[in-house]
Each structure stands twice: as structure tokens, then as C-alpha cells.
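Just so you know, these numbers use all the heavy atoms, side chains as well, and skip hydrogens, waters and symmetry mates. Please read these numbers as outputs of a predicted model, since none were measured by experiment. Order of the sequence lines fixes the chain letters, A, B, ..., with proteins taken first and strands second; residue numbering starts at 1 for each chain.
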There are 2 protein chains.
Amino acid sequence: MEARQIMNLDASPSGSPRSRSPDVPAKATLLDEYMADCRRLVLEELDQQLPRAHRLRRALYDLVLEYPLREAKALRPTLCIATARALGGSIQSVLPTASVLELYHNAFLIHDDVEDDSDRRRGGATLHKRFGVPVAMNVGDAMLALALQPLLDNLRVVGLGKSLRVLEVVSRMARESAEGQALELSWCRDRTWELSAIDYFRMVRKKTSYYTFIAPVELGAILGGAEARLLPVFRRFAAALGSAFQIQDDVLNLAAAKTAYGKDHLGDLWEGKHTLIVLHMLQSATSAERTAARAALARPRHLKSEAPGAADRRSQADVDLLLSLVHRYGSIEHARGVARRCARRAEASLKLLRRRLRPSVHRDVLEELLEFVVDRDR
Amino acid sequence: MEARQIMNLDASPSGSPRSRSPDVPAKATLLDEYMADCRRLVLEELDQQLPRAHRLRRALYDLVLEYPLREAKALRPTLCIATARALGGSIQSVLPTASVLELYHNAFLIHDDVEDDSDRRRGGATLHKRFGVPVAMNVGDAMLALALQPLLDNLRVVGLGKSLRVLEVVSRMARESAEGQALELSWCRDRTWELSAIDYFRMVRKKTSYYTFIAPVELGAILGGAEARLLPVFRRFAAALGSAFQIQDDVLNLAAAKTAYGKDHLGDLWEGKHTLIVLHMLQSATSAERTAARAALARPRHLKSEAPGAADRRSQADVDLLLSLVHRYGSIEHARGVARRCARRAEASLKLLRRRLRPSVHRDVLEELLEFVVDRDR
């Protein structure tokens with residue numbers, strides 16, 4: 001599939017000869033190629049949005065493009081573009097907003113890397129390891145600042161009504177993300193582990209799903225011209241997809257082969273992350289096991305910048321204990337099952353929307369995303 | 001003066017008996033009291049804007065109010081409110097936007113404190129020293145996120161035209177601030193000292209003046225209903241005021257009595273800051289002196305978290321050398337003179353606007369700010 005297929009306002013239906021001709025990839029790779037095309041379009045859009053002045057390019061805007069230019073899936077722009085295009089919206093009407101999602105995502109990545117003092121991101125050194133904490137923080141702040149202008153320029157492209165609704169969604173998205181991050185940080189600070197699945201889902205919805213799934217899909221739906229009464233269905237579809245995605249991410253962290261998974265294997269246990277898996281294990285364990293597990297989780301988070309094995313930090317023995325309990329109580333299988341149920345909820349919502357979506361690669365992509373979130377191995 | 005005098009739509013003219021009655025403070029304290037009133041109104045507004053949910057208050061929103069609640073001047077809201085009110089605008093129309101300025105300012109303070117690893121801010125421990133870097137960074141990001149909604153709610157209060165112009169100014173303000181910060185950081189990274197006064201003024205305009213003076217005054221002018229052709233005059237007034245303020249800040253850092261000045265005495269020399277004073281000294285010095293001064297400035301920045309006197313960091317001898325050269329070439333007096341000339345340029349712009357401003361405490365406050373920026377001792 002070529003970028004112009006995404007560009008084309010009247011994309012041919014998925015069943016037509018054209019979209020199944022030899023030029024068009026088989027279904028297994030459709031999603032990958034569509035995402036790659038979205039990524040290319042968004043990078044061009046971002047580059048075009050940035051001021052050209054040489055001095056500022058060197059001091060700031062080349063660094064703004066640093067993370068986006070590294071290998072990435074472009075999941076958020078893809079969701080936004082596919083939703084808008086499946087509703088019949090033009091690529092021109094959705095691309096600036098899709099690029100804003102990429103700005104937010106990469107700003108969060110830069111700030112997260114500083115917060116966690118991470119060494120690597122997308123195959124390279126993290127921004128603060130290369131340029132120092134002040135530069136990295138400012139680049140993140142700059143990306144949040146740059147996100148506003150394309151949304152104001154939307155007025156000339158998609159009109160007042162849609163532009164204002166887009167701004168409202170982005171405003172809420174930014175707030176929800178900060179609230180989700182704050183909730184998780186407060187659990188870490190207070191060593192809170194008496195948490196239900198509902199607490200977990202609320203945190204995931206705010207921290208991850210809102211800016212990764214809910215806002216991208218809702219923005220695509222608004223820009224694609226969806227009727228107002230359908231927006232809650234789009235949001236339910238996206239929220240369920242987001243929960244499935246995050247739980248599968250937690251599963252992969254503990255279950256994936258070390259080589260395939262992009263992030264640190266068992267990193268979630270080293271970090272003492274509040275995953276559905278650990279919460280299920282704590283609820284299933286005996287009182288004595290729970291006490292031991294909570295003691296292992298209560299030790300301060302492992303910090304990469306420190307010498308390994310520092311006495312009062314989480315140890316290999318702690319991680320081994322947690323992992324053995326996770327296996328004993330089948331918590332990974334439990335989480336896999338929950339992820340599958342979330343994906344089925346998303347599928348049910350998408351079925352309700354299906355008749356409103358044009359038969360097209362865009363609709364196919366949304367359907368493939370359902371499989372992607374639970375079948376992926378990285 | 002009481003808050004209701006700011007609240008009052010038809011504030012009595014400055015020459016009237018009411019505003020000069022014994023209840024009303026003498027001119028020397030008018031500005032202080034006006035600022036204190038603006039601060040109180042903005043804090044009430046901020047508190048009202050924040051979500052109420054107990055869990056989120058504890059995890060996030062109490063921390064959002066942490067810096068704003070500490071003792072501060074509220075210079076930015078004051079400029080915004082006084083400008084709008086002097087033009088006849090209501091307090092209701094300007095207060096949400098003034099509170100957004102306070103959110104941006106405090107977000108920048110939190111992120112700056114992390115970047116500089118500062119210990120103290122406004123009489124208390126910095127946010128990241130109290131709650132850790134991840135919490136502090138997220139609180140800063142949350143404040144930037146929270147800044148958007150009041151600007152969207154403006155539509156119902158001040159109408160579409162003004163709301164959109166306000167959003168454009170805030171968008172530019174956020175971008176200019178990030179660019180200014182990036183320029184100064186690039187000078188530090190590249191050890192750039194071959195800089196003219198023009199380079200200095202461009203950096204100060206972007207880094208400090210835009211969000212402290214230019215945007216507050218321009219936003220006040222827009223919300224107060226100033227004619228479009230007057231906006232450039234308001235901007236010139238504010239930009240000149242901003243330059244005077246920053247240069248005076250640099251002067252105070254080197255010249256003020258240790259007790260009166262709020263920040264570290266000689267901190268700018270310890271940090272190797274690019275001030276007009278140091279740039280003037282470098283331009284005035286002999287070739288041999290300049291080489292010695294640049295060597296002293298080239299050593300890495302002093303970091304508070306390190307043990308004092310670490311070998312390859314800037315030393316007391318370096319600071320003594322720089323200070324002696326600054327005194328030898330009268331660079332502090334030079335900077336004082338430039339600050340006064342900037343204040344006179346601001347005064348000239350304000351005179352052009354005077355007939356358009358209602359005779360009122362608000363206009364008086366703008367005039368007092370002219371004296372404040374160069375006569376203050378802290």
C-alpha cells in the first residue's frame with residue numbers, strides 16, 4: 001500500500017480488486033504498512049510546522065524531531081487517521097491533529113525518560129543522556145507548546161465547530177494523562193497495594209488509554225464528521241482497546257522472550273509497577289505469601305543509575321519471589337484472559353459502528369488493530 | 001485598597017477623593033497592595049478551576065497549588081488585570097486568563113528547579129526535593145495541561161473573537177519561552193560568549209519578557225477591548241519594561257546587599273549566566289583579561305548537589321576574578337544605565353497610550369510599575 005492510498009479521499013473498498021491486487025500487501029502486513037505511511041505523513045507535517053530559522057533549528061527544533069524520527073509504530077496518528085478516513089474525512093483535515101498527538105506522545109516520552117532516568121529509547125540514548133536534563137525537559141515543554149498552534153490553524157481547515165471540539169478533547173486528554181500519572185505515582189509514594197481491578201482500570205484509562213486510544217479515535221471521529229450520538233460508541237471502542245493493549249503490554253513484559261520484547265524483560269517487577277498481574281497475584285496469594293510479596297514490593301524502586309545490588313533496593317531474590325507467585329496463581333493467564341475480553345468488548349463496539357464506516361483500508365485497519373493489541377509479541 | 005476596588009468595573013479616577021482618602025494607601029504602597037489583591041483573586045480563581053475529587057486533590061491538585069500559595073508578587077496577573085481594567089474591561093473577563101499566566105509561570109518554576117536541581121523556592125523546599133523528580137515534573141506538566149480549559153471557557157465569557165486572539169497569544173508565548181530557554185542553553189552547551197547586546201536582548205525577550213510582560217499586557221489589552229492598532233504600542237511598552245526588569249535583576253544579583261536580594265548573591269557568576277553585565281565586561285576587557293575571564297566562565301557550572309570545591313568546577317577564585325573585572329569596567333553601572341533607558345522607552349510608549357486609559361488605580365499601577373522595575377531592591 002502506498003501513502004497515496006491513505007491520501008486518497010475515496011479509498012477503494014477493501015473487497016474491491018484494487019485493494020486486493022498484487023500491488024497491495026496481504027492482510028497480514030496491511031496494518032504495518034498503513035502505520036508506516038501514517039508515520040511518514042506525520043513526520044512531514046511536523047517538519048513543515050516547525051520554524052525554519054537556522055539558529056533555532058539547531059538549538060531546539062532538531063531536538064524536537066529527535067524521538068519522532070527514531071523507529072516507532074505511530075499508533076496514535078494511525079488510530080486518528082484511520083478513524084477519520086473510514087468516516088470519509090480527508091487526510092488534510094486530520095493530519096495536523098494527528099501530528100499534535102505525536103507531539104504530546106513524544107513530549108511524554110522525553111519527560112518519562114528524565115523521571116525514570118532511563119538510558120535508552122527507541123534504539124538510541126535518551127535525550128537527557130545525550131544533551132542533559134535541562135535541554136531534554138525544555139524540548140518536552142517546547143513540544144507541548146508547539147501542540148497548540150496546529151489546533152488553532154484547524155479553524156481555517158475544518159471550521160469553527162470541529163476545531164473547538166478538537167481543542168476540548170485535547171484539553172481533557174492532557175489533563176487525564178497528568179491525573180493518571182499522578183495516581184500511579186501516589187500509589188508508589190504511599191506503597192498502596194490494596195487495589196481492585198477497578199482502581200487499575202481507572203488508572204490505565206487515564207494514564208495510557210486516554211492519549212493513546214480514546215482521544216485519537218474521538219478526534220478522528222470528530223474530524224471525520226461522525227454524528228454526535230456515535231461518539232460514545234467510538235470512545236467505548238477505544239477505551240476497551242486501550243485496556244487490552246496495556247494488559248497485553250504487562251503480559252509481554254513478564255512472558256515474552258527476552259529478544260522479542262522491546263523493553264526490559266521483567267522490568268515491571270524490578271520497578272514494582274502496579275500491573276493487573278501483580279494485583280491478581282496479591283489477591284490470590286495466602287496471607288503469608290502476600291506479606292512476603294508486599295515486603296519485596298515495598299523496597300524502593302531499582303534505580304539504574306545506582307550500583308547494582310545496593311542493600312536496601314529491590315533484589316534479584318525479590319523479583320524471583322514475585323515471579324514465582326505470579327506463576328503459582330496463573331496471574332499471567334488471568335491477565336491474558338482479561339485482555340481478550342477487553343478486545344472482544346472493543347470488537348462489539350466496532351461492530352455497532354461498522355455500517356457507518358466506509359468499506360475501505362481504513363476500516364480494515366481498525367479491525368486489524370483489534371487483533372494487533374492482543375496478538376502482538378512486542 | 002481593597003479587592004473590591006479591582007473588582008469594581010467603574011473604578012474611581014486616581015485623582016478623586018475616594019482613591020486618595022485615608023482608607024486608600026499612599027502611592028508608595030499602592031502597587032504592593034494592588035499586586036496582593038490580584039494574587040488573592042487569582043488564587044481563588046485557580047482553586048475554583050481545579051477538580052474537586054478527593055483522591056486527585058491529594059495526588060495532584062494540592063501540589064499544583066503548592067508554589068502559587070507560597071509568598072509571591074503575582075507580577076504577571078497584575079500586568080494583565082491592570083491593563084484590561086485600565087481599558088475598562090471587567091475583572092470577570094480577565095481573571096481566568098490572568099490565572100492561566102500564573103499556571104504557566106509556576107509550571108516553568110517547577111521545571112526550572114528540577115533542571116537546576118535547586119533546593120529552595122519562595123521560602124520552602126523545591127517541589128522535587130519534597131516529592132521527588134517524577135512528581136514535580138508531572139505537576140508542572142499538569143499545570144500546562146490545566147492552562148487550556150479556562151481559555152476555551154473564555155468563549156462563553158468574552159466571545160469568540162477575543163477568545164481566539166487570546167489563544168493565539170498564549171500559543172506564541174509558550175513557544176517563545178521554550179525558544180528563549182533553548183537559546184540560552186545552547187550558549188551554555190557551546191560555551192558561546194561572542195555575543196552582542198542584540199543577542200542578549202533577543203534571548204531576554206523570548207525567555208523572560210514574553211511570558212512575564214509582553215503576553216500579560218497584550219492579553220490584558222485584547223480582553224480590555226483595545227483597538228487593534230494600539231496593540232503594537234502595548235507590546236513595545238511591555239517589551240521595554242521586560243528588558244529593564246531583567247537587566248535590573250542581573251544588577252541586583254551582583255550589587256544588592258546579601259540580605260535584601262531574594263536569590264543567591266553572586267549566583268549569576270557562579271552559574272556562568274549570560275548577563276548584559278558579563279557581556280559588557282568581556283567586550284571592554286583587554287585580550288589577556290578576556291582570555292582569563294573566558295577560562296573562568298568555561299569551567300562547568302557550579303552544581304549545588306556536589307561537594308563544594310570539586311576540582312574542575314568554577315571556583316571562588318574564578319568568581320572573584322569575574323567580579324573584579326566587572327567592577328574595573330563599570331559594567332554594573334553600564335547595565336544600570338541601559339535598564340534606565342529601557343524604562344524610559346517603556347514610559348514613552350505608556351504616554352502614547354495614556355489618553356486611551358481611564359484615569360484609575362489601574363492606570364496608576366501601570367505607571368508605578370515603570371518605577372518598580374528599576375527602583376526595586378529585591
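Of the two parts of A:Leu151, neither the backbone nor the side chain holds a non-hydrogen atom closer than 4.5 Å to a non-hydrogen atom of chain B. Of the two parts of A:Leu144, only the side chain, counted from C-beta on, holds a non-hydrogen atom closer than 4.5 Å to a non-hydrogen atom of chain B. With a 4.5 angstrom heavy-atom cutoff, B:Leu155 touches chain A only via side-chain atoms. Contacts between A:Arg189 and chain B at a heavy-atom distance below 4.5 Å involve the side chain alone, from C-beta outward. Heavy atoms closer than 4.5 Å to chain A are found in the side chain of B:Asp190, but not in its backbone.
Ranked by heavy-atom pairs under 4.5 Å with chain A, the first of B:Arg58, B:Glu168, B:Met173, B:Arg172 is B:Glu168. Your options are A:Leu63, A:Asp112, A:Val133, A:Leu152, and the one with the most heavy-atom pairs under 4.5 Å with chain B is A:Leu152. Chosen from B:Gln181, B:His128, B:Met137, B:Arg55, the residue pairing most often with chain A at heavy-atom distances under 4.5 Å is B:Met137. Interface check for chain B: of the options A:Ser171, A:Ala174, A:Ala142, the most heavy-atom pairs under 4.5 Å are formed by A:Ser171. The candidate with the highest count of non-hydrogen atom pairs below 4.5 Å against chain A, out of B:Ala59, B:Ser186, B:Ser177, is B:Ala59.
By the 4.5 Å heavy-atom criterion applied to side chains, B:Arg52 and B:Asp47 are counted as neighbours.
Between A:Lys129 and A:Asp117 a salt bridge is recorded (basic side-chain N to carboxylate O distance below 4.0 Å).
Considering every non-hydrogen atom in both A:Val100 and A:Ala147, the closest pair reads CG2-O, 3.5 Å. Considering every non-hydrogen atom in both A:Arg205 and A:Ala239, the closest pair reads NH1-CB, 3.6 Å.
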May I have the step-by-step check of side chain to side chain contact (heavy atoms under 4.5 Å, CB included) for A:Leu127 and A:Tyr67, ending in yes or no? CA-CA 8 Å; A:Leu127 209 65; A:Tyr67 275 15; 3.9 Å; yes
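Remark: side-chain polar atoms of B:Arg191 are paired, donor with acceptor, to backbone N or O of B:Ala298 under 3.5 angstrom.
For the residue pair A:Thr212/A:Arg76, the side-chain donor-acceptor check at 3.5 Å is satisfied.
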